[in-house]
Amino acid sequence: MKNNVLIVGGGPAGLEASSQLQRLGYNVILIERSTALGGHLAKWDRLFPSGVSARETLKSLMGHIEGVKYFTDTEVQSINRLEKSYNVILSNGITVLADAVLMTTGFDLFKASRKEEYGYGIYNRVITNADLEAYFRNGSDPRIDNPKRIGFVHCVGSRDEKAGCRSCSKVCCATAVKQAMEMKQAFPDADVFCFYMDLRLFGRHYEDMYLSAQRDYGIRFIRGRVAEVAENADGSLQVKAEDTVASKPLKASLDLLVLMAGMRPSVSGRRVGDLLEMPVEEDGYFSVKEGIVSGQKSPHPGIFLAGAATGPKTLPDTLADARAAAVMIDQYLSDVFPEAKHYKNLVRELW
Amino acid sequence: MIYEGKQKIWADYQKEIPDDHYFYVRSCIRQSFFPASEATFLDITRNRLGKDIFETEHHTTCGGIAYHSDTIPQETVMTIIARQFALMAKNGYENYVCSCITSFGLYCETMETWREFPELEAKIRENLWKTCKLDFAKPKYLIHASDLIYKYRNLIAKQAVHKLVNVHTGQPLKVVEHIGCHYSKMFPSKGVGGAEYPYVLVGMIEAWGGEIVDYPERRHCCGFGFRQYFIKGNRGYSLSNTHKKFESMEPFHPDFIITNCPGCPYFMDRWQYVIAESTGKTYGQDGHGIPVLTYEEVAGLVMGYDPWDLGLQTHQVGVEPLLDKMGIEYDPEKKYQGKGGKDIGRPEPCACLK
Amino acid sequence: MTPLSYILTAQAAEVAQAAPEVIDRIPSGYNHFVIPFCIGIAFFLIWITVGCIRLLLKIPHHDRLRFWASLVNPVTALKNIRDLFFDCLFHVKIWKRKPLLGYMHSAIAFGWFMLIVLGHIEVALFVPKRLGISKTALFYPIFYRFFVWMNPGHTTLRGWVFFFLMDFFLLYVLTGISLAVFKRFRSLALGMKHTTKPSFADRVALYSLWLIFPLRLLAESFTADLSGGSFLTIPVNHLWHFIFGDKLWIMPSWWLYSICLGLFFAAMPFSRYMHILTEVLWILLRNAGIKPNHPRKGVAEAEIYACSSCGLCLDACPMNVQKKNLKYSSVYFIRFLRRHNEKKINEIADKCLMCDKCHALCPVGVDAPALRRAQRATVNNSICFDYSYLDSASAAVEQGWTSPGPDCRPAEGEDSTPEVMYFAGCMSHLTPRIIKSVEKVFKAAGVSYVFADEGGGICCGRPLMLAGRNEAAAKTIAANKKMIEGSGCKTLVLSCPICFKVFKEEYHLEGIKVLHYTQFFNELIASGRLKPVMGQERLVYHDPCELGRGCNVYYEPRAALSQLGTLVKASKEYDESLCCGGSLGSLTLDARDRAKISEAAVISLVANKPDKIVTACPLCLKTFSESVANSSYPVDPVRVVDFAEAISESL
Amino acid sequence: MVDFGFGLVPSSRINLDLFDKERYEELASMEPDVRKCMSCGSCTAVCTAGKYSATSLREAIECIHNGQPDKALGMLKSCQFCGKCTMVCPRGINTRHLILSINKTYGEL
C-alpha cells in the first residue's frame, strides 16, 4: 500500500515537497486555504537577485506536481493522532488518514497599517512592497502617478519589538534594492532613496545588486529608519529620519513611499498548529525538534515543517528546506512502515 | 488623506468615560494663563449638562512641573499624587478628572508604575500615611477634562448657538488641533484616538461643524518643554519649536487652533507675538495671528458665551477676525472691562502683530 | 679628311680644352618649373621666421638673455653642436634602441642634409655667381643639375668626387625612404608595435616626401648625359635612352620634382615634419636650461613643435596594454596642444601615470610629462585649500621626537644627535613591513636614527605637484622643510621614491644629505657596517619610476641586492622599466585599467623566473602584492618584497 | 524689531529637498565613482590631513548627497592629495580625482 502524506499549505515549500514526495512514491494530498496554489509567490512579479519572473518560477514548480491530489479553498477542520498516523478531517468534508503531515504554512506579510506613524491606509501615496509587486504585475495603481521622488523604508515590522517582531525578515533588503532598481527602470528621472537600518544582503550576487543599484541606478542609501511620515498641503509626503552616518536628523518630501513589510508567522498556519498542540517560539514561528540537527522535524512524531513556517526564508532557502523535509519524511516512513518499501522501489523504477 | 483609514485607528483607541460624579482637579498654570477656561468648564458641565462635578480647595499641584524639571524625585511626586487620590476617596468619588495634561500624563505614569511595581505603591501608601495620616484609593476612571467635553460633544452641539462655520462663505472653519504631548504619547491607549491621530479634539470640531487640517508637524511639541522655557538661555529653542509648527501649518491657512493642554495655547499664542515682533513674520490673514483657543473656550463660543466672559481678551493674538467669521456679536468696548465694568488695563500695541 | 675639317675639329678640341668644366646650359639660370618650389619654400621660410620671433618674444625677458648667452657660451655651444648632429641628423637615441629605425631616420635626415650642403658647395665652386645675393640663389642650388652642361672634354677629379658624393647620398636617402614606405605597412619589422595616425597635412607632407627623392633621381638621371652624374644617375640615364630613345621626359620630371618639393614645404608647418627645424630651436633652448611654465606658450611651443610624432612614446607608454588607452599617449597630447583642443588636452593630461618613460625615450627629449603637469596646473592650481593646520601639525610631529623610543636612542659612544633622520612618508605607513624592515636594518647596522613621522606626518608635497597644485605643494614643502631643518639631522633617509624625488629637487635642505634607503643601505654594506648573507634565491629588481627615471638611481639598489642573491633581468628594466600601475601620477585612470598595467609589469618582471620581486617603493610594493595575490593571469609563485625587507631578511 | 534676548535657533536638520541633482550629475559625469561609495570610512581612517584637521571624503560625499556642498568643500580643503585613500578604498574609487572633481563642480559656489 501507498503511504499518505498530507501537506498543509500550497506555497513554494508545499509544491516542491509534494513533487519530491510524489516521486518518492508516496500518495500526496496537498491542501491550500486560498483559492489558488502558489502562496505569496503567486502575487510577486520578479525575484531577486537576477530578476527572474515569479510567474515562470511558479509555473515550473507547478509543472512537477502531476499526480498530487490537491484541494484549494480547503482548511484542516480537525486532526487527531492515531497509533501510527493522523486522522485529518478537511473543511471540504474529506477525511484523510495521513501517515505523515508536513506543515508548509508559510508566513503572513506584516500589516503595514500597524506602523501608524507611516500612515499606510491614511496617506494616498504610501504603499507596501506587495502593492508595488502587484503594480509591476498588472501595470496600474492610482497611487503611483509618475513619481519624481520615491522612498523605500526597510524593516517595516521587522527588527521592531513594539511592532511585535524582534527578528529580521531576511528578504526585505534584497527586495527593496530590487524594487528600487525596477522603479528607476520604470521612472528613469526619479530620485530613489532607500532608508535602511543595516543592509542585510549576504547571499551570492546580492552585493553586485547593491553596487549596481548605486553605480548604475544612482539609488541613494540612507542609513536611518524613517520615524515619521506626514502629508504636505500639495499631497506629497514629508518623511523624517536620521541620517545616522551624518548623525543629523533628516527631512525629505517624496511623491511615493514604499514600506518593506516584513514576515510574520501565518495566522491560519498557527491555527492548524494549535489543533496539533505544536509548540511555537517567542517569535511566533513553529519550533523544530533539535534545532540545527534536524531542521524539519517537529517535536511530534510524523509531523514535519518546511519553509517560512519555521522563520523567514528566501525562496531558495524554502525550496531546499522542502526537499530536505521530503527526505526526512521518506526516512521516517521507511522506518515506521517497512512493509511499504518494495512498493516504493517499484514506483521509483518508473522515474 | 484617507478618512476611513483614520477612523479605523480611532476605532482601535476608544476609552471608557464614566457618565457622572467627577472629582475635578485644576491646573496650576491654566488658572493664571486662561482663568476663564476652567470656570467655563465647570459652568458647562454643571449648569448646561447638569453633571456632578466636585472640587476641593485642598488639592495641590501634582508636582509635574518640578518633576519634569528634574527638581524633585519620583517618590515625592507619587506621594503628592497619592494625597490627591486620598482627597478624592475621602469625598466619595472614584472618577478623577484633571484639567492639566501634564498632570494627566503624570497620573497615568504613576498608576502604570504602581501596576508594574506594587511594592512601590505600598511604599507610597506608607509615605502618605507617615506624612498626612491619609490613606488613598486609586481612581476607577482617570480622565482628562477634554475627554469629558469630547464625551458630551454632541449634547453641546445640540445646544449650539454658533457653528464652526464661516457665516460669510458657509464653509466649515479650518481648525488645527494640538494635543498636549503627555495626553497620549506616553500611553496611546489612555487617550481617545491614540497617539498618532488623537480623536479627542477632532471629535469636538467635527461635532461642532468645523474641519480638521492635518499638517506635517502636527505631532510636534508646542515648544514649552518645561526647562526649555524656564531657563532663558534655552528659550530660543522653545521659540524655534513653535516656529517650526507654524511654518508647517501656514500653507493650510487654519482659522484657529484648538488645544487641550495648559502650556500649549499659552506658548503658541505668546510665541506668535515674539516671532512677529522679532522677525516680522505673522501667520494669520493680513498681519493677524492664528487664534489659539482652549477646548473650553471653543465650546463656550459654540454655546454662545460672551467672548469676553470666556477671557478671550487675555489672548495675545486677537480673536476678533475669528469671531467675525463665526458671526459672533461682541462689544469691542467691553473687551478690557472686568467684572462690574472696571478697566483691567490694555496691552502695549504691537508693531507687527495686529 | 680635309685640312679645313681638321682645323675645325682641332679648333673644336681647343675650344673644348679652353672651355670651363661647367657651362650654363640655360644662361638665364631660370626656368618656370622652379615656381612651385619657390612658392613652397618662400611660404615656409616666412612662416618659421615669424614663428621664431613670436616665440622668442613670448619667453620671459631673463630667459631670453639666458638664451643669447648660451649661444656664445663655448660649453653650451659645443653641447649644442653635438646635440644637433647626434639628435637631429644621426638620431643616435633611436639607433641605440632600434637600429633599423635609427638608420631610416638618419638616412633621410643626414642624407638630405648632405645633399643640400654639397649642392651648395658645388654651386659655390663651379658657378659662384649664382649664389650670394643673386635672385637665383633661392632655387639654383636645388636644381643645379638642370641648369648646367658638363664639358665632357674637361672632367676633373673634383667634379667626379662631387658627382659621386651626390649620387651616393641620394642613394642613402632613397634607402631611408624605402624603409619609411615599408614601415608604413610593416611597422613591427622596424620594432614599432604602434604607430601614430597621421593627420591630413601629415599625409600630404609624407607622400610628397616619399616622392621627392625618386623624382630627383628621375629628373637628374634624365639630364645626367648633359649635366653629368655618377654611378647611380648615369646608368639610369642609359636605361632611359635605351627605353625612350632620344625622347626624354626631362621637363615633366623636373616640374614634378619641383612641385613635390613645393608641396612638402608648404605642408610642413602643419605637419609633423615641422620638427625637422623646430627641433633645432628646441635643442638650443633646452640646452640654455629654459623650462616651460605653460603647456603651450613660450618655450613649450618650441617643445611641442619639436615632436616628430615618431610614435616611440606609444610603445613606451605603460597604458598601451589596452588599445583604448593609446589615445592618451604623449604624441597625441602634443598634437592636441598644437590644435588648442582644451577638452581633449585636459582629458589626456589627467590620464597620464607620470612614469616619465616617454620623456626618457623621446628622440628629441620632449618632456611631455612636464607639459602635462603644466596643463594640470592651469586647471588645478587655482583650487582653494586651507593648510593653516600645517604649523601645528609639524609641531605635533616634532613632539614625537622629544620622547624617542629605545630604538631611536643613539648607540653607545656616539654624540647625542642621531646619525640619520628617517622619513617614512604617507604610503610607507600603509606598508608597515617596510618601516619594520628599515628599523631592523638600522639597528643591525647600529645606526642611530630619529623616526621623523613615526606617529604620522605631513605629506611630502609631490602628489600635489603631480596634480599641478603647485601653490599647495609649496606650502606643504615649506612646513616640512622648517621641521626637518629644525631637527639638526645631517642625513635624511627616505623609503619612498615619491618623497625622495621632491625632497631632493624641491626642498633645497641646507647641509642635509638626502638619501633614498637603497643608497643608504648600499653605503652601509659597502662600508661593512651591514653584512648580508648571500642566499640561493633569484631576485628581480623593479625600478620604481620616481627612483629610476625620476632620480637616476639604478645602480645602488642592484649593487646591494647582488649581495643577497642572484639578480636576474626583467624583460624591461632601467629606464625602460614599466610603471607598476599604482602611480599617483594619473588622476583619472580607474582601478581596472591600473590592474591591467600592474599585470603587464609583473609579467615583464617574472620573465626570468625569479623567486622574489624586489621593489623599493611602497606604492609598487602594495600594487604588485595585490596584483600577484589576485592574479587572474599565469604567474609562477613569486614573492613581492620591499628592498629593505629583502636586506633585513638576509641579515 | 524687538530684541527679547533670545531668538530662533537655526535648524541643523538635513533637508534632502535642497539636493542639487543637476550639479551632482555634472560631478558624476566627471567622476562616476562618486556613486560607488558605501560609507565604510576607510578613506577617513587613513587620511594624512585628517589626523590634524576635519578631513573626510566619506563625509564630503555624504554632505553633497544631503545638499550641503559648502560643508563638503570644507571637509576637503585641507586634503593633501597623498592618495592613501585611493590605496585603501575597497570599492576602488578614484578618490583623488573625485576630490578634484568635487572642488571643480562645487568650488565656485
Side-chain angles (χ1 to χ4, degrees), chain A residues 109-128 130-131 141-145 149 151 153 156-157 160-164 193 195 225-242 248-259 261, chain B residues 1-14 112 174-179 181 183-200 202 211-221 237 240-241 243-255 283 290:
Chain A
L109 269 181
F110 174 79
K111 286 191 178 40
S113 53
R114 282 191 50 198
K115 291 292 290 177
E116 287 165 11
E117 62 267 43
Y118 294 160
Y120 178 69
I122 289 176
Y123 304 135
N124 302 313
R125 306 201 191 160
V126 179
I127 65 171
T128 65
D131 298 338
D141 185 325
R143 296 168 293 186
I144 302 171
D145 172 24
R149 295 163 68 79
V153 186
V156 175
D160 183 345
E161 288 198 63
K162 280 168 126 182
F193 307 91
F195 295 89
R225 185 191 192 110
V226 169
E228 186 179 301
V229 181
E231 215 169 40
N232 292 316
D234 64 357
S236 66
L237 298 165
Q238 186 204 77
V239 305
K240 287 193 202 165
E242 184 195 357
K248 285 265 175 297
L250 171 149
K251 178 184 125 192
S253 28
L254 302 175
D255 302 330
L256 183 70
L257 191 67
V258 186
L259 307 177
Chain B
M1 194 65 68
I2 304 160
Y3 189 73
E4 298 67 28
K6 279 205 276 182
Q7 284 175 312
K8 280 205 201 76
I9 293 186
W10 293 332
D12 296 346
Y13 295 98
Q14 282 311 321
E112 281 299 306
K174 291 222 202 74
V175 186
V176 156
E177 128 264 24
H178 177 81
I179 301 288
C181 294
Y183 175 68
S184 58
K185 279 182 190 156
M186 291 188 286
F187 303 100
S189 61
K190 299 272 188 279
V192 177
E196 266 305 305
Y197 300 95
Y199 190 59
V200 60
V202 178
E211 175 193 320
I212 282 291
V213 289
D214 283 302
Y215 64 107
E217 297 296 354
R218 64 184 154 74
R219 306 173 178 89
H220 204 73
C221 167
Y237 176 63
S240 309
N241 277 278
H243 178 255
K244 189 181 194 177
K245 284 184 78 71
F246 279 100
E247 286 297 314
S248 170
M249 74 175 75
E250 189 183 16
F252 295 83
H253 310 297
D255 295 304
Y283 294 95
I290 304 173

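Each chain gets a letter, A, B and so on, in the order the sequences are listed, and its residues count up from 1.
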**Student:** So which part of B/Glu217 gets closer than 4.5 Å to some heavy atom of chain A, the side chain, the backbone, both or neither?
**Tutor:**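 Looking at B/Glu217, just its side chain touches chain A.
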**Student:** At a 4.5 Å cut-off on heavy atoms, which part of A/Val126 comes close to chain B: side chain, backbone, both, or neither?
**Tutor:** neither
**Student:** Output the option from B/Pro251, B/Ser248, B/Pro216 having the highest count of non-hydrogen pairs under 4.5 Å with chain A.
**Tutor:** B/Pro216
**Student:** Quick one: do B/Lys190 and B/Glu112 make a salt bridge, cutoff under 4.0 Å?
**Tutor:**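 A salt bridge links B/Lys190 with B/Glu112.
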**Student:** Parallel, tilted or perpendicular: which one describes the rings of B/Trp10 and B/Tyr3, with boundaries at 30° and 60°?
**Tutor:**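 Because their plane-to-plane angle is over 60°, the rings of B/Trp10 and B/Tyr3 count as perpendicular.
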**Student:** Under 4.5 Å from any heavy atom of chain B, what part of A/Glu231 do you find: side chain, backbone, both or neither?
**Tutor:**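 A/Glu231 touches chain B through backbone and side-chain heavy atoms alike.
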**Student:** For the residue pair A/Leu259 and A/Lys115, establish whether any side-chain heavy-atom pair is separated by less than 4.5 Å.
**Tutor:**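 No, every pair of side-chain atoms sits at 4.5 Å or beyond.
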**Student:** Would B/Val175 and B/Asp255 satisfy side-chain contact (heavy atoms from CB on, under 4.5 Å), going step by step from the backbone distance to the final call?
**Tutor:** CA-CA 6 Å; B/Val175 186; B/Asp255 295 304; 5.9 Å; no
**Student:** For B/Tyr197, is it the side chain, the backbone, both, or neither that has a heavy atom closer than 4.5 Å to a heavy atom of chain A?
**Tutor:** side chain
**Student:** Do the side chains of A/Thr128 and A/Leu109 get nearer than 4.5 Å, heavy atoms only?
**Tutor:** no
